[in-house]
2 protein chains.
Amino acid sequence: MGLDPGRRSIGARRNPDSADAILDAAEAVLVEAGYSGFSIEAVARRARAGKPTIYRWWPSKAALLFDLYQRLKRVDYPDTGNLEDDLVGFLKSLFSHWRETSSGSIFRSLIAEAQSDATVAAVLAEYTKGRHAHTGQMIERAKARGEVAADVDSTLVADLVASFAWTHLLTNRLDEDETTLRRAVGYLLKGIEADDAGSVDAAAVRRRRRRVVGRTTR
Amino acid sequence: MGLDPGRRSIGARRNPDSADAILDAAEAVLVEAGYSGFSIEAVARRARAGKPTIYRWWPSKAALLFDLYQRLKRVDYPDTGNLEDDLVGFLKSLFSHWRETSSGSIFRSLIAEAQSDATVAAVLAEYTKGRHAHTGQMIERAKARGEVAADVDSTLVADLVASFAWTHLLTNRLDEDETTLRRAVGYLLKGIEADDAGSVDAAAVRRRRRRVVGRTTR
DNA sequence: TGCACGAAACGGACCGTTTCGTTTCGTCGA
DNA sequence: TCGACGAAACGAAACGGTCCGTTTCGTGCA
């Protein structure tokens, strides 16, 4: 929370009831009216608060959304000793959290807001960097167990996983069943290439990489 | 274009110059002022057109954006005979198209707009479904060549590839070099799991799939 | 004569800010 | 110990501004 930055001496303190009422109202407005109906005026009305009070503590609509999101966000980064289960568990946890709380709407709104406000984009980038680090650790653990190749870029893998989650959030597809999640994770872990004949050994299969420069046709 | 639906008899026809001027102005405004500055008023001002003229032909800001996007969109779906090259080529083509024309800004705006307007979301979903079909065909071709396992869900793979593209668009990361793209595609094609010892054959490596039910810990 | 056009204006919503009177709460002196 | 004082936060109202989507008007083309 952006509380009490430049307090000098005496005077009334920030009213925590008011702050709570505003956050509660913000969440309610977002859920009931959606992102398009989410305005500072609407939040103030609902919270029976003055607009200046909101602007005093939150510099922008996005700051309010961020506080709102962090008030809810609790997602598991499982550690089962098996990367597939870790990733599937993470996605399941994230999707249901987004689905069943207002977190989904909030995060969607933040991403949308970031498209028209560079400041929000920067903060969001910082935030997701931290999140990717968590996911990356799951992969690094698997690497340490010898489950994942040593030269794998765990940041990039985390990026791929998060991308999947983001797009499904943005396109209202948070209802994927576990089978689909497991399949998607499976592709990432084991690839989609055919096993060829059973006689060819693994290394050879993977080494068969044509580096054709590939003039792209229309 | 949403042109001339209920024309009855005589009278002045739609002025194509005006339509072009509006689309040109819309593109210019979007590029110069960004999505936050992209308003019907601004477009009308720039095009020296009346707002009613715009509203007459485009029911919403999003419809204008769609027309704008389709005026530019030309992306390659390469067919090199090798899936990795196809996918990398596709991503390269898409990223550079988004980067070097106004397409990127336009599509970003469309996605953002879809977050606050269900109609736009529906149209966008329809559109992307068509695009995924194109990507899916690349995978199906590879399947026909025996390059990809027969039971792979090509729609889901297309979804993963598109997700990567979307997030990079939305987070201003369209400048990935070919190496990174190739790596990302490689993970999807070949997986990230370790090859284990060189002695183990491919099928065995891939068959070693632990289906642990995996109680997720905190 | 019918329709598209540009221009102007409409009421309404929201923006971010300012003004006002009130309330809350440290502080300091009596 | 207590009450006056002042700084700061508060709710309410109003500001000028922008944009929304619509209506009205006069002009011009077919």
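We name chains A, B, ... by the order of the sequence lines, and we start the count at 1 in each one. Computed from a predicted structure; not experimentally measured.
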Chemist: Does E41(A) or P52(A) map to a spot on DNA chain C nearer the 5' end, using the closest nucleotide for each?
Modeler: E41(A)
Chemist: For the pair made of CG in D17(A) and P in dC25(C), what is the distance, rounded to whole Å?
Modeler: 10 Å
Chemist: Are OP1 or OP2 of dC14(C) and a side-chain N or O of R45(A) less than 4.0 angstrom apart?
Modeler: yes
Chemist: If I take atom CD1 in residue I54(B) and atom P in nucleotide dG6(C), what distance separates them, rounded to the nearest angstrom?
Modeler: 9 Å
Chemist: Within 45° of the ring axis of W58(A) and under 6.0 Å from its six-membered ring centre, is that where the NZ or CZ of R14(A) lies?
Modeler: yes
Chemist: When you measure from the side-chain N and O atoms of T53(A) to the phosphate of dA9(D), is any distance below 4.0 Å, counting only OP1 and OP2?
Modeler: no
Chemist: Starting from P on dA12(D), measure out to CD1 on I22(A) and report it in whole angstrom.
Modeler: 12 Å
Chemist: Would you say S18(A) places a side-chain N or O within less than 4.0 Å of OP1 or OP2 belonging to dG11(D)?
Modeler: yes
Chemist: Ignoring the backbone of R13(A), work out which of dG26(C), dA9(C), dG6(C) is nearest its side chain.
Modeler: dG26(C)
Chemist: Counting neighbours of NZ on K143(A) that are heavy atoms of other residues, nucleotides or ligands and sit closer than 6.0 Å, is the number greater than 12?
Modeler: yes
Chemist: Starting from P on dG11(D), measure out to CD1 on I40(A) and report it in whole angstrom.
Modeler: 14 Å
Chemist: Does a salt bridge link E32(A) with R46(A), judged by any charged N lying under 4.0 Å from a carboxylate O?
Modeler: yes
Chemist: For the pair made of NZ in K51(A) and P in dA13(C), what is the distance, rounded to whole Å?
Modeler: 13 Å
Chemist: State whether W57(B) places a side-chain N or O below 4.0 Å from either non-bridging phosphate oxygen (OP1 or OP2) of dC5(C).
Modeler: yes
Chemist: Is the phosphate of dG6(C), meaning OP1 or OP2, less than 4.0 Å from a side-chain N or O of R48(B)?
Modeler: no
Chemist: Provide, to the nearest angstrom, the distance between the CG atom belonging to N15(A) and the P atom belonging to dG26(C).
Modeler: 13 Å
Chemist: In whole angstrom, give the distance that lies between atom OH of Y55(A) and atom P of dA12(D).
Modeler: 17 Å
Chemist: Please determine if R141(B) and D86(B) form a salt bridge, counting it only when a charged side-chain N lies under 4.0 Å from a carboxylate O.
Modeler: yes
